[in-house]
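Note: hydrogens, waters and symmetry copies are ignored here, and every other heavy atom, side chains too, is used. Read the numbers this way: they start at 1 and go in the same order the structure lists the ligands and their atoms.
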Amino acid sequence: MKTTTEKFGVTPHQPSLWTRADALKVRADDPTTTQPLVSADFPVLNNDVFIWDTMPLRDLDGNVTSVDGWSVIFTLTADRHPNDPAYLDEDGNYDILRDWNDRHGRAKMYYWFSRTGKNWEFGGRVMAEGVSPTAREWAGTPILLNDRGEVDLYYTAVTPGATIVKVRGRVVTTEHGVSMVGFEKVKPLFEADGKMYQTEAQNAFWGFRDPWPFRDPNDGKLYMLFEGNVAGERGSHKVGEAEIGDVPPGYEDVGNSRFQTACVGIAVARDADGDDWEMLPPLLTAVGVNDQTERPHFVFQDGKYYLFTISHTFTYADGVTGPDGVYGFVADSLFGPYVPLNGSGLVLGNPSSQPFQTYSHYVMPNGLVTSFIDSVPTDETGTQIRVGGTEAPTVGLKIKGQQTFVVAEYDYGYIPPMLDVTLK
Ligand code: FRU
């Protein structure tokens, strides 16, 4: 793998490593890094649709932005099928879990708006049917570009393939609500290259998605984070001393951990508009540790780069584990070196009694963390569950140096604006 670059004045860098030794420090149920229990009597945003990944409208510096006093979020969304014979079980009851688990295949971008940063009102689909070139509209980022209301929606066009794309439109407000206009022409930006980032041909289970564009607070250039896997044929990766890290005696065996190859990718724009991108080597790799570092994003605070990414228990490698939730790393400069927050990387995980209660956490610059409810047990044994597909209670974090602390819990889907833009 190419590990250095000298493009567009970007400093050559080595990816930072999330090591097996780091991951051995993960402690489930530490109250400072565990999301409070979500009660099974949660309210549902909308009974016609499931929603999961939530993408607040923001500016290129990361600030969550309202327009003319309206907060706006985008969500991955799929219809619920309570009356579809395909989703009835043997007893003729709606099999909501199967419907929920199938959602990724029909994910579409929707938007919602609110005057209060919660109790979101249904906006609708962002792109009309047929505009997006593939079956699935997967996660990304809506960027408010200016006070004319122009929005660049970066997202992932999936199946066939996985392409990072963008589509431009405009947010329009009235006293009564918000609408999205335009979003008619999708521009493909880039795909995995097989040299730095794994392709589908190299691994049918590859990940390449979740663009998060930003302006670097130090050099002012336009960059983009995304989720990837380290290039190479599936099974060919080496889990050596560097990937293992400083483990105690008896922890040298890496099992089949060569199959877990997540990385956080980065690209730099060659132009001011972000239409022309060059992929750079990953910022962070997790070879031998975890197979997915999804929805990577930054909080810029105290002159530091706080890199957050979501991951799952099921994507951990042999011999290491941790809860579903958000993990974080910190560096003094964009290209690292990054060190795991709280020693292990774990920032906010699900409690072990409700391992699937929430996912797809997004840490905002004000320390608030939004996520969605996946499923919550409704009995002691955890065999009965209630499926979510709705916004989880927001959690407040304090980020201090290389540590984070859970300090507050707020209402369901509370995503207050940090800036209000008055449209001209
Ligand atoms: C996170 C995620 C994203 C992806 C989307 C697919 O929940 O896996 O990485 O874009 O969901 O539904």
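Atoms of ligand 1 found under 4.0 Å from any heavy atom of Ala139 (numbered from 1 in listed order, with element): 10 (O). Interface of Glu227 with ligand 1, defined as ligand atoms under 4.0 Å from a residue heavy atom, comprises 9 (O). Counting the atoms of ligand 1 from 1 in the order shown, those under 4.0 Å from a heavy atom of His104 are 6 (C), 12 (O). Here is the list of ligand 1 atoms found below 4.0 Å of a heavy atom in Asp53: 1 (C), 2 (C), 3 (C), 4 (C), 5 (C), 7 (O), 11 (O).
Lys400 forms a cation-pi arrangement with Phe405, by the criterion of a distance under 6.0 Å to the ring centre and an angle within 45° of the ring axis. Geometrically, Arg270 does not engage Trp277 in a cation-pi contact defined by less than 6.0 Å to the ring centre and at most 45° from the axis. For Arg295 and Trp212, the positive end is not near the middle of the six-membered ring at less than 6.0 Å and at most 45° from its axis. At least one test fails for Arg168 against the ring of Phe183: distance under 6.0 Å to the centre or angle within 45° of the axis.
The nearest heavy-atom contact from the protein to atom 9 (O) of ligand 1 is Asp210 OD2, 2.5 Å.
Of all non-hydrogen atoms in Ile385 and Thr378, the two that sit nearest each other are N-OG1, 3.8 Å.
Look at Ala107 and you'll find every heavy atom at least 4.0 Å from all atoms of ligand 1. Heavy-atom separations between Thr156 and ligand 1 are all 4.0 Å or longer.
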**OP:** Could you give me the CA-CA distance, side-chain angles and deciding distance for Tyr197 and Phe226, then say whether ring pair (Phe, Tyr, Trp, His ring centres under 6.0 Å) is met?
**Re:** CA-CA 11 Å; Tyr197 297 99; Phe226 53 88; 4.9 Å; yes
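Considering backbone and side-chain atoms together, Glu294 places an N or O closer than 3.5 Å to an N or O of ligand 1.
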